[in-house]
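Atom set for the values below is all heavy atoms of this structure, side chains included, hydrogens, waters and symmetry mates excluded.
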Amino acid sequence: MSHDQASYLELLARGADAEAYDRPALLARASGAGAESVASLEHAKQLALRVRAELEGRRRREAELSALFETAHDLAGLRDLDAVLRAIVQRARSLLGTEVAYLSLNDPAAGDTYMRVTEGSVSARFQQLRLGMGEGLGGLVAQTARPYVTDSYFDDARFEHTRTIDTAVSDEGLVAILGVPLMLGSQVIGVLFAADRRARVFEREQVALLGSFAAHAAVAIDTANLLAETRSALAELERANEIIRDHSGVIERASEVHDRLTEVVLRGGGVHDVAAALSEVLDGTVEFTDTDLEATGTDGRAVRHGQDWVAAVSAGGELLGALVLRNHPELDPVDQRTMERAAMVTSLLLLARRSAHDAEQRVRGELLDDLLDAPDRDPRLLRERAARLQADLDAPHVVLAVRIDGPDSGTSGASDRETADRRTADRQRLWSAASHLAATRSGLAAARDGGTVLLLPLGPDDSAADLARQTSRQLSGTVRESVTVGASAPVLAAAGDPSPIAGAYAQARRCLDALRLLGRSGQGAAAQDLGFLGLLLADPGDIDGFVRRTMGEVVDYDRRRGTDLVRTLDAYFASGMSPARTKDDLHVHVNTVAQRLERIGRLLGPDWQSPARSLEIQLALRLHAMSAAVVH
């Protein structure tokens, strides 16, 4: 590694801005360095920028999780509601990178909504704003109990504009606004906002993150209300000593729960660790499940279901699973709240695991894309990238082309848009399932050409065909659709020379197309499974020549005259060389079939129906159909 290339490592080490990465190449050009040196520096720059982006993404995710855990810790030791709400709003503004963040609460007694906490606001009118129920973007969030976002507030007609709101928003200079509901059960008690004074698009992850902060804010308010109710009960019931003991036990138990859950999070535990801790606290059997969720909603409330209690684990309105307390028909309100808080912690852990999983899937896909599209990359770097993913590119691998074979037109009566959406969803499910399979098998996966491509290691006792069949069965069971898999011949030592991978992928795709044309959709196979057709697929250099030599005059005749001789020939062989059945298949008169067969005989020669010639012609018909399918 040259000194100039090493400078990129120094830039990464000190966390330099992206613009600083242009300097080494500019200095090299200024000093008269050769084109090869400059190109090497440009390549090193791109790699360094990719590493920088990955590091920044990891830092951002760590910061988000840290802020959420800090907020959970604040709630565990809740003393001052205003301080907790201010901390939540400040962290939301910082992590989403917005100029302003604020929180409004409903006032049922006054029948309006008021600002409770603001961060980054400069307008006194905005900070003291009170508005009627149902007005503005916050009113739409409160009515639907769903997040809403606008990248241009004054141009958005989805919600009710009023002079009071528009004047306050104009004074503050806000343009893009995101609002998420503060929920207590199914009731909206307020809205948490993040806003910018310029147009911007809020990503789905940012909406989910703000929703998590809103859930924490709702818990803080709920806890404060619970404490207020406790104080009121102490004054009204005049049983101070007894109530103090009862509520002291409640607080101690809640503190114990928060301490246990915080400990699980801080030591890197998973959802099953949360379930185990909750089992001890509630003196029962608690399980996490992602199936059989009919009894749950997405509001996180603990509800009774037969002899069990169920609390939904959700984030941003998406149901991720549920915590189930088995065979425990009675549960006091405190324990219900305990289950609900445990469900919230579980959702944070699942979001963190999903974020890490998505990042790994992207990295695996990028490496496979590089192996397919840029085989001239430095083998040493490719081997290092693969090793970080527990993939051994020095071992034999097989390339697999994978596709879902669902109905081409979608559901009967569906629109083109619905059909396109269904295909997109199918491809996403297939890619997700294939990525999981690749991770468990120390392989790689990427979305490509309307399907998915896999690079999987070949076991010592397996063949490429065995691996294709196993993959077809496993993916079909996962996505619950018919999945067809075509396999290449084994690729040896791809780390030293990755160039054969692209050719192996082309071979796997040809095998996939052949399976579908042969009526074997939903199966897995390699070229060796397809007999003589497989030999041609494995080395397709002379397929076109074979088709031209065998039936080229018929194809050319159809092309010049616009006739259907090729189709007639295919139907003739498919019907067992019976003109009567051929005319039924083609819906023409038998004399028409006879005339066409006579023309075919003049083009192909008098022996075209002999066993040897007819076999070659039928094979050529198959290959011609496959070539046409690949083109289209």
State the CD1-CZ distance between I404 and R480, to the nearest 0.5 angstrom.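 Output value for this atom pair is 13.0 Å.
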
How long is the gap from CZ on F213 to CG on L96, to the nearest 0.5 Å? 8.0 Å

Just so I know, are the side chains of [X] and [Y] near enough to count as touching, which here means a heavy-atom distance under 4.5 Å?
X    : Y    : result
D222 : R337 : yes
T118 : V100 : no
L323 : F288 : yes

Report yes or no: is the cationic atom of R116 (NZ for Lys, CZ for Arg) closer than 6.0 Å to the six-membered ring centre of Y114, at no more than 45° off its axis? no

I want to know whether Y148 and F159 have ring centres closer than 6.0 Å. no

Carefully, step by step, assess R341 and T223 under the rule side-chain hydrogen bond (donor to acceptor under 3.5 Å, both in side chains). CA-CA 11 Å; R341 283 158 176 73; T223 304; 3.2 Å; yes

Which atoms form the tightest heavy-atom contact between V141 and G179, and what is the distance?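 Shortest heavy-atom separation between V141 and G179 comes out as CG2-O, 3.7 Å.
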
Closest heavy-atom contact between V188 and A145? CG2-CB, 3.8 Å

Determine whether L210 and V180 satisfy the following criterion, side-chain contact (heavy atoms from CB on, under 4.5 Å), listing intermediate values before the conclusion. CA-CA 7 Å; L210 192 64; V180 297; 3.7 Å; yes

Classify the ring geometry of F154 against H161: parallel below 30°, tilted from 30° to 60°, perpendicular beyond 60°. parallel

E172 side chain to S121 side chain, donor-acceptor N/O pair below 3.5 angstrom: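 Their side chains do contain a donor-acceptor pair, which is all the 3.5 Å distance test asks for.
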
Worked verdict on N106 versus T113 for side-chain hydrogen bond (donor to acceptor under 3.5 Å, both in side chains): CA-CA 4 Å; N106 297 344; T113 300; 3.1 Å; yes

